[in-house]
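Small disclaimer: the values here were computed from a predicted structure and weren't measured.
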Amino acid sequence: MPIADPFPATGPVETLFERLADYVSRSDPQWRRTIRGASSEDLARLTQMSGLQDLGRQYPPSYLIYAQHLGQDDGGLIAPPLSHRSIDWLLGLYEEAEQFEYDEMSPEAPLVGSFETGDQLSLDFRDGSSGEPAVYVTSYGEFISFYAESWEKLLFQHASLRAQRRQFPVTLSFSASQAGLRSALGSRGGSAAEVLSQLAEQEGLMPAWFNDRAHFCAAASDVQVWTKLPEEGGIVIVASGAARERVDGMAQRLAAQLGAEPTR
């Protein structure tokens, strides 16, 4: 059933797991029983093998909290195309790199996951700052494209999509290619993010605090829109709601303004 408060609470990073678990459990009460954390020994080994220890750095608090509670099994929290993210898998990849003396693995891009395509997901430690690093798609140390502003935002972006699909009876998915999006925006100007923000305001939707330049999520008690804006172009939209008529109406406006077509 739709919930009155559509998004999770904000708070200090120390409360990340409690906030995340509370939010996910609203639509999946059994979720806590399916998760499994990593040991402190495995986390220390991962820090050493990633090269962060040699830089005098550490995985950020948001990732360490995730790993402590969900590092071996996150209960399906993070959705495909991210296919591998357990600490055991990451350690195995670093062990393989060490065995075969791969020199492409960079300590400035410590791994946190992998895609079905074979590319990896890494944290960005290139600037040497002490803040939460951004998350990038990488290929053996080479930065390819921006993925999320921080690991905490990534977790809630995935949790939001998971909850949206579970709590609403009607879900429609759309996508537009880079060329299609460019054509749709060409006559009106502006960006996809600006169109989405205007649509959210017109529909009475509240934008999520975990939005960033690659994601736009907005919701009311009876409808929610989740959007991925890949850096390489194109757009993926998931619209869900309690009533078919409202979801269909939103979908038609999104299709007209962004050149998006149904994917299923």
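- Under the side-chain hydrogen bond (donor to acceptor under 3.5 Å, both in side chains) criterion, Y66 pairs with D74, sequence neighbours left out.
- When atom types are taken as modelled, the side chain of N211 and the backbone of C217 share a donor-acceptor pair closer than 3.5 angstrom.
- By the neighbour-count criterion of 12 heavy atoms within 6.0 Å, atom CD of E261 is sparsely surrounded, having that number or fewer from other residues, nucleotides or ligands.
- At a threshold of 4.0 Å, the pair E132-K153 does not count as salt-bridged, since none of the basic side-chain nitrogens sits closer than that to a carboxylate oxygen.
- For the pair R126 and Y136, the cation sits on the ring face: its NZ or CZ lies under 6.0 Å from the ring centre, inside 45° of the axis.
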For side-chain contact (heavy atoms from CB on, under 4.5 Å), just list the numbers for D73 and I35, CA-CA rounded to whole Å, side-chain angles, deciding distance to a tenth of an Å, and then say yes or no. CA-CA 5 Å; D73 190 337; I35 61 177; 5.8 Å; no
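- Under the ring-ring contact (aromatic ring centres under 6.0 Å, His included) criterion, no residue pair touches residues 230-256, with sequence neighbours excluded.
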Passes side chain to side chain donor-acceptor pair (under 3.5 Å), S240 versus Q164? Steps please. CA-CA 7 Å; S240 304; Q164 175 178 328; 3.0 Å; yes
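- Stacking of K228 on the aromatic ring of Y147 is recorded, both the 6.0 Å distance cut-off and the 45° axial limit being met.
- Taking the centre of each ring, Y59 and W151 stay at or above the 6.0 Å mark.
- In this structure a side-chain-to-backbone donor-acceptor pair under 3.5 Å is missing from E152 to V13.
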For L154 and V112: C-alpha separation, side-chain torsions, deciding distance, then whether side-chain contact (heavy atoms from CB on, under 4.5 Å) applies. CA-CA 12 Å; L154 179 149; V112 289; over 6 Å; no
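- No hydrogens or angles considered: a donor-acceptor pair under 3.5 Å links the side chains of Q58 and T47.
- Salt bridge annotation for R57-E108: absent, with no cationic side-chain nitrogen under 4.0 angstrom from a carboxylate oxygen.
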